[in-house]
Amino acid sequence: MSTPAIDVQQLHKYFGDNQVLKGIDFHVDNGQVVCVIGPSGSGKSTLLRCVNLLEQPTSGKIFVEGDEITDPDVHVDAIRSRIGMVFQQFNLFPHLTVLRNLTLAQQRVKGRGKDEAAQIARKNLEKVGLAAREDAYPAHLSGGQQQRIAIARALSMDPDMMLFDEPTSALDPELVGDVLGVMKDLAREGMTMMVVTHEMGFAREVGDKLVFMDGGVIVEEGDPVEVLANPQHERTQSFLSKVL
Amino acid sequence: MSTTTAPRPSGMSPRQRARASRGVQYVVLVAVIVALALIADWGEIRSQLFAGDIISKLFPSIITTALKNTVIYTAGAFVFGLVLGLILALMRLSSVGPYRWIATVVIEFFRGVPALIVFIAFGYGLPIAFGILLPGGIFTTVTVALGLVGAAYMAETIRAGIQAVPKGQMEAARSLGMSQSRAMVSVVIPQAFRIVLPPLTNELILLTKDSSLVYILGLGPSALELTSFGRQALNQYVNLTPLFAVSIAYLVITVPLSIVVRRMEARAERAR
């Protein structure tokens with residue numbers, strides 16, 4: 001067995017007295033697309049954010065490609081530059097042009113030259129279908145375009161895996177398809193992906209594994225088609241009956 | 001009376017009433033202006049405030065010395081205050097307790113003490129207490145004394161600006177592998193400064209006027225700034241005209257600042 005891309009062991013997370021994650025064991029293999037679903041407040045976003053240490057786990061261990069990132073002496077920035085992250089609210093840098101959004105971290109973190117960074121940025125803009133907008137500011141783009149730029153920004157760091165935190169939840173319905181299309185392309189290229197989402201169609205079509213969380217625990221996990229068609233657990237059944 | 005609105009005691013619609021009350025305001029304003037014009041002693045005003053021969057004697061030194069020195073003193077204090085204010089703001093936001101406490105004490109002290117007293121402390125207090133005289137003369141003393149007062153105000157403004165940048169910006173920068181300080185410099189602070197540009201300019205305008213407090217240090221002829229220059233000319237000519245001229249000179253500095261800021265705000269609005 002090769003080392004999993006992400007390996008989470010007995011993860012607990014408290015916000016004050018509020019326990020959000022109650023002992024999560026979970027892994028994502030290389031090249032796998034894992035979708036995490038569940039009602040709001042189930043801890044699915046917190047789990048995702050723990051994987052690149054945007055939230056500090058209270059206890060438990062997380063390994064990324066075999067390196068323990070929960071070790072207090074770990075070089076956080078180096079770990080994060082291997083993990084691409086896409087946010088619900090896009091979080092593009094509003095004071096910078098699209099191209100600069102994509103080149104800033106390449107130059108400052110990866111130490112790439114200006115021309116090399118721009119070349120890689122343009123390649124990724126093309127990939128998300130927005131090559132023509134490199135001089136635009138984020139405010140002049142639609143939500144769907146902004147999210148695709150955010151994906152291109154993460155890809156420009158050549159990450160080994162991508163985390164998506166409800167990437168289409170803030171979008172108008174007619175813009176969701178473009179973003180999902182880009183994500184499907186990525187999955188087809190073999191990118192390791194962990195996706196917190198409400199898009200059951202996406203999970204069914206491209207997911208290798210579906211994880212259902214509720215109340216800070218993983219209730220059920222398995223093949224997406226199986227879980228969606230024939231949920232075993234009562235809580236999964238009740239959640240799916242409301243969203244499908 | 002309109003058939004669609006409920007009857008009112010005055011018999012007027014809201015729009016009619018608003019128009020009537022505005023009409024009354026205009027009449028009062030015009031009456032006050034006319035009254036002032038009638039009781040004013042125009043001859044005295046002209047000879048005491050707008051004496052052309054005195055104005056011409058103020059040139060060129062009102063520009064080449066006084067205006068120039070006001071700009072230099074203000075610029076020195078503003079740049080020093082801005083840098084120190086940014087440092088204090090970052091200290092206030094630090095997770096390290098002592099940084100926060102030191103910044104809080106410095107800010108509260110220099111915000112609470114009159115600028116004039118800070119000037120006296122640096123001009124006369126430092127030499128007495130420590131035998132230290134700041135090198136560089138008047139300019140350094142103004143830069144440090146006025147800069148500290150400005151920094152105390154600007155620190156709180158900048159801190160609010162940094163906190164107004166959405167948390168997701170820092171998270172996005174960190175998730176791309178940037179360190180905390182790199183993310184601050186490249187992502188958060190540039191956006192914070194756009195937010196605080198108008199209040200910072202306000203501070204610059206206040207500093208321009210507060211630079212007049214430098215008179216307490218005792219100024220030689222070449223170190224005079226606008227207000228001390230005006231007071232000296234006032235004594236020399238026994239006439240208020242120099243103060244009028246000096247006031248115009250201050251506006252020459254401050255009005256363009258306001259215009260520049262309005263332009264920058266409009267531009268930032270477009271990039272949002």
Side-chain angles (χ1 to χ4, degrees), chain A residues 45 48-49 51-55 75-98 100-112 135-141 146 149-159 161-165 170, chain B residues 82-83 85-86 89-90 93-97 154 157-201 260-272:
Chain A
S45 281
L48 186 88
R49 290 163 58 84
V51 172
N52 72 350
L53 297 179
L54 285 179
E55 303 293 350
H75 195 329
V76 181
D77 299 332
I79 298 279
R80 285 204 185 107
S81 67
R82 281 152 51 185
I83 308 173
M85 174 94 180
V86 175
F87 299 86
Q88 184 178 350
Q89 297 296 339
F90 331 132
N91 292 346
L92 292 180
F93 305 135
H95 61 303
L96 303 176
T97 62
V98 164
R100 194 76 189 113
N101 262 277
L102 270 63
T103 57
L104 178 67
Q106 289 190 64
Q107 291 177 242
R108 302 294 187 209
V109 179
K110 291 238 167 201
R112 285 177 184 153
D135 293 323
Y137 282 90
H140 298 155
L141 302 172
Q146 290 194 47
I149 301 288
I151 294 172
R153 178 174 69 177
L155 289 176
S156 296
M157 298 299 286
D158 299 331
M161 64 197 74
M162 292 279 285
L163 309 179
F164 293 84
D165 188 3
Chain B
L82 193 61
V83 172
L86 179 59
L90 292 173
L93 293 169
S94 167
S95 54
V96 183
M154 286 191 270
T157 306
I158 295 169
R159 179 185 59 81
I162 289 173
Q163 285 176 322
V165 175
K167 213 171 118 243
Q169 291 291 311
M170 176 56 92
E171 289 185 348
R174 295 305 303 271
S175 75
L176 288 165
M178 290 187 217
S179 66
Q180 168 92 18
S181 52
R182 167 49 64 194
M184 265 287 172
V185 169
S186 293
V187 175
V188 177
I189 290 176
Q191 294 183 57
F193 267 97
R194 277 185 194 200
I195 297 169
V196 299
L197 203 58
L200 280 188
T201 311
V260 166
V261 167
R262 238 165 271 152
R263 291 241 174 100
M264 286 161 110
E265 276 178 343
R267 211 180 54 184
E269 200 57 47
R270 260 176 277 141
R272 248 169 202 289

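It should be emphasised that the depicted structure is a prediction, and the values quoted were computed from it without experimental measurement. Just so we're on the same page: letters track the sequence lines, and every chain starts at 1.
- Most heavy-atom pairs under 4.5 Å with chain B: of the set A:Q89, A:R108, A:M85, this distinction falls to A:R108.
- In the model, A:S45 has a side-chain atom that pairs as donor or acceptor with a side-chain atom of A:D165 under 3.5 Å.
- At distances below 3.5 Å, not a single donor-acceptor pair connects side-chain atoms of A:R49 with backbone N or O atoms of A:L53.
- Only the side chain of A:L54 has a heavy atom closer than 4.5 Å to any heavy atom of chain B.
- In terms of non-hydrogen atom pairs under 4.5 Å with chain B, the most contact-rich of A:D77, A:T97, A:V76 is A:D77.
- Here the shortest heavy-atom pairing between B:L86 and B:I189 reads CD1-CD1, 4.1 Å.
- Interface remark: B:A173 contributes backbone and side-chain atoms alike to the contact with chain A (heavy atom separation under 4.5 Å).
- Separation of atoms CG (B:L200) and CZ (B:F193) is listed at 6.0 Å; rounding is to 0.5 Å.
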Which side-chain N or O atoms in residues 162-170 of chain B pair as donor and acceptor under 3.5 Å with protein atoms at least two apart or in another chain?
unit_1 : atom_1 : unit_2 : atom_2 : d
B:Q163 : OE1    : B:R159 : NH1    : 2.9
B:Q169 : OE1    : B:Q191 : NE2    : 2.8
B:Q169 : NE2    : A:L92  : O      : 2.8

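- Looking at A:R153, both its backbone and its side chain come within 4.5 Å of chain B, counting heavy atoms on both sides.
- Here the closest heavy-atom approach between residue B:G161 and residue B:I195 is recorded as O-CD1, 3.9 Å.
- If you measure heavy-atom distances from B:R182 to chain A, the contacts under 4.5 Å come from the side chain alone.
- Heavy atoms of A:F87 lying under 4.5 Å from chain B belong exclusively to its side chain.
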